[in-house]
Amino acid sequence: MIDTAVEFCAVTKVYKHFTLDQINLNLPTGCIMGFIGANGAGKSTTLRILMGLVHQNAGSVEVLGHAMPEEQATAKRDIGFVSEDMRLYGAATLEWHMGFVRSIYSHWDSGYADQLLRRFDLRAQQKIKGMSHGQRVKAALLLALARKPRLLVLDEPTTGLDPIARREVLGELMAVLADEERTVLFSSHNTLDVEQISDQITFIDRGRILDSSDKETFLDRWRRLRLVLPPNTKLPGLPGVVNVDGSGRLPVVTTNRFEPAMVSACTQAGVAVQAVDVMTLEEIFVASVQSQREGQAI
């Protein structure tokens with residue numbers, strides 16, 4: 001088994017009004033990576049390059065040990081791809097779609113497909129055009145998962161779902177992923193969705209990778225320090241400061257390199273620490289984007 005499922009090296013794609021700029025991305029085998037970015041940040045372009053649907057202008061892409069796009073036919077045998085804009089045949093039943101995919105992919109697992117039908121509460125005899133949006137998302141996931149792909153690529157699969165349907169889809173997806181080891185790349189602008197199922201996180205904005213690490217490292221090293229600054233007292237030099245908000249006497253310092261020793265450093269400088277706030281993944285993402293856009297080093 002290869003150690004790296006997906007590797008992008010200095011990948012660039014130039015459009016008239018958008019550039020995917022020097023993308024470096026490494027997804028280890030067996031990991032679930034959340035790929036987070038605002039709409040238009042470059043997520044879908046990156047995934048389409050991964051799938052060989054779009055060809056990069058520069059840089060190299062390797063997926064499951066195969067160079068893309070040159071070896072995409074071989075690589076795609078082991079890739080399951082689900083996008084929010086995928087379209088199934090409305091006049092055909094889910095059962096027809098299952099038979100069609102089974103005829104192409106030898107690894108199709110009929111028993112597993114039946115399990116997914118029950119788990120997703122779908123009826124094989126139902127026509128796609130009679131399904132709700134949430135049911136169509138589940139149907140597309142079933143068609144991808146029953147092939148037993150080594151790599152599962154999900155491009156905004158929960159977009160447009162109502163809160164209940166989104167919870168159902170994510171809950172079922174988490175249950176499916178617990179069945180066996182898979183490598184997953186999950187693209188979304190919804191940090192709550194990503195946080196539930198991912199162990200690796202990558203932020204992208206305006207065509208550039210901002211940061212990439214395991215989820216726990218992100219959550220451990222980002223903090224907001226709420227301080228009280230006495231008159232004629234300056235803030236001590238603190239590592240990893242990406243933003244300082246608040247009034248002069250009550251600054252709120254955001255850092256991406258938090259250490260407990262920072263609290264002691266503030267105290268020794270005569271600065272009172274009112275609170276050290278843990279940040280959510282959404283807050284971390286927003287702070288990363290704002291800092292990058294303001295030209296600050298992250």
Side-chain angles (χ1 to χ4, degrees), residues 1-37 40-86 100-109 140-141 143-157 177 180-188 194 197-214:
M1 179 180 293
I2 59 174
D3 294 330
T4 302
V6 177
E7 185 171 18
F8 279 56
C9 294
V11 171
T12 297
K13 177 64 180 178
V14 180
Y15 294 102
K16 184 176 181 179
H17 300 294
F18 177 79
T19 298
L20 198 67
D21 190 13
Q22 296 284 311
I23 297 297
N24 293 295
L25 185 66
N26 186 288
L27 175 56
T29 298
C31 288
I32 304 173
M33 177 178 284
F35 193 40
I36 301 175
K43 302 186 302 299
S44 292
T45 300
T46 301
L47 298 192
R48 279 159 173 72
I49 289 174
L50 182 157
M51 293 297 299
L53 302 175
V54 171
H55 297 180
Q56 65 270 26
N57 297 117
S60 63
V61 179
E62 194 167 282
V63 180
L64 300 176
H66 302 289
M68 302 294 280
E70 295 84 1
E71 301 174 21
Q72 61 176 296
T74 303
K76 286 178 180 177
R77 295 172 186 168
D78 293 310
I79 303 174
F81 179 64
V82 178
S83 173
E84 58 94 14
D85 60 1
M86 287 180 68
F100 179 73
V101 175
R102 182 174 61 245
S103 70
I104 298 173
Y105 295 98
S106 59
H107 290 139
W108 177 271
D109 188 329
L141 284 170
L143 295 172
L145 290 167
R147 290 173 40 211
K148 293 297 187 77
R150 292 164 55 195
L151 171 64
L152 184 62
V153 180
L154 305 174
D155 185 14
E156 300 275 7
L177 295 175
E180 60 182 285
E181 287 191 4
R182 297 181 191 273
T183 304
V184 182
L185 184 56
F186 185 111
S187 161
S188 181
V194 170
I197 70 171
S198 302
D199 47 36
Q200 298 280 328
I201 301 292
T202 295
F203 294 152
I204 185 171
D205 185 58
R206 294 180 175 179
R208 295 185 177 184
I209 298 294
L210 301 185
D211 205 350
S212 187
S213 184
D214 66 274

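Between atom CG of residue Leu185 and atom CE of residue Met51 there is a gap of 11.0 Å, rounded to the nearest 0.5 Å. Considering CG of Asp211 and CG of Asp205, their distance stands at 12.5 Å, rounded to 0.5 Å. Separating the CG atom in Leu50 from the CG atom in Leu25 is a distance of 8.5 Å, to the nearest 0.5 Å. Here Glu71 contributes atom CD and Leu64 contributes atom CG; the two are 11.0 Å apart, rounded to the nearest 0.5 Å. Taking CD of Gln200 as the reference point, atom CG of Asp214 lies at 5.5 Å (rounded to 0.5 Å). Taken to the nearest 0.5 Å, the NZ atom of Lys13 stands 14.0 Å off from the CG atom of Asp21.
No side-chain donor-acceptor contact under 3.5 Å links Asp109 to the backbone of Ala146. Panel note: side chain Asp78, backbone Pro149; no donor-acceptor pair is recorded below 3.5 Å. A donor-acceptor pair under 3.5 Å links the side-chain atoms of Arg147 to the main chain of Ile79, judged by distance alone. A donor-acceptor pair is defined here as one N or O able to donate and one able to accept, closer than 3.5 Å; such a pair exists between the side chain of Thr12 and the backbone of Gln22. Between the side chain of Ser187 and the main chain of Leu154, no donor-acceptor pair closer than 3.5 Å is present. Judged by distance alone, the side chain of Lys43 and the main-chain N or O of Ile36 form no donor-acceptor pair under 3.5 Å.
Heavy-atom minimum distance, Pro28 versus Thr183: O-CG2, 3.8 Å. Taking both residues in full, the closest heavy atoms of Ala75 and Met68 are given as CB-SD, 3.9 Å, listed atom of the first, atom of the second, then distance. Between Val194 and Ser188, the shortest heavy-atom distance links the atoms CG2-CB, 3.8 Å. Nearest heavy atoms, Ala140 versus Val82: O-CG2, 3.7 Å. Looking at every heavy atom in both residues, Ser60 comes nearest to Val11 through O-CG2, 3.3 Å. Residues Thr202 and Ser212 approach most closely at OG1-OG, 2.6 Å, considering heavy atoms.
Counting heavy atoms from C-beta on, the side chains of Gln56 and Pro69 come closer than 4.5 Å. Two residues are said to be in side-chain contact when any heavy atoms from C-beta on lie closer than 4.5 Å; Phe35 and Ile209 meet this criterion. Contact check for Pro157 versus Phe186: side-chain heavy atoms found under the 4.5 Å cut-off.
By the 6.0 Å contact criterion, CZ on Phe18 is enclosed, its count of non-hydrogen atoms from other residues, nucleotides or ligands being greater than 12. The local environment of NE2 in His107 is sparse, with at most 12 non-hydrogen atoms from other residues, nucleotides or ligands closer than 6.0 Å.
Partners of Ser44 according to the side-chain contact (heavy atoms from CB on, under 4.5 Å) rule, which considers only residues two or more places apart in sequence or in another chain, are Arg48, Asp155.
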Walk me through whether Ile204 and Leu20 qualify under side chain to side chain contact (heavy atoms under 4.5 Å, CB included). CA-CA 10 Å; Ile204 185 171; Leu20 198 67; 4.1 Å; yes

Decide yes or no on side chain to side chain contact (heavy atoms under 4.5 Å, CB included) for Ile23 and Ile49, but give the supporting numbers first. CA-CA 11 Å; Ile23 297 297; Ile49 289 174; over 6 Å; no

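Exactly one of Thr4, Ile32, Leu151 qualifies for a side chain to side chain contact (heavy atoms under 4.5 Å, CB included) with Leu27. That residue is Leu151.
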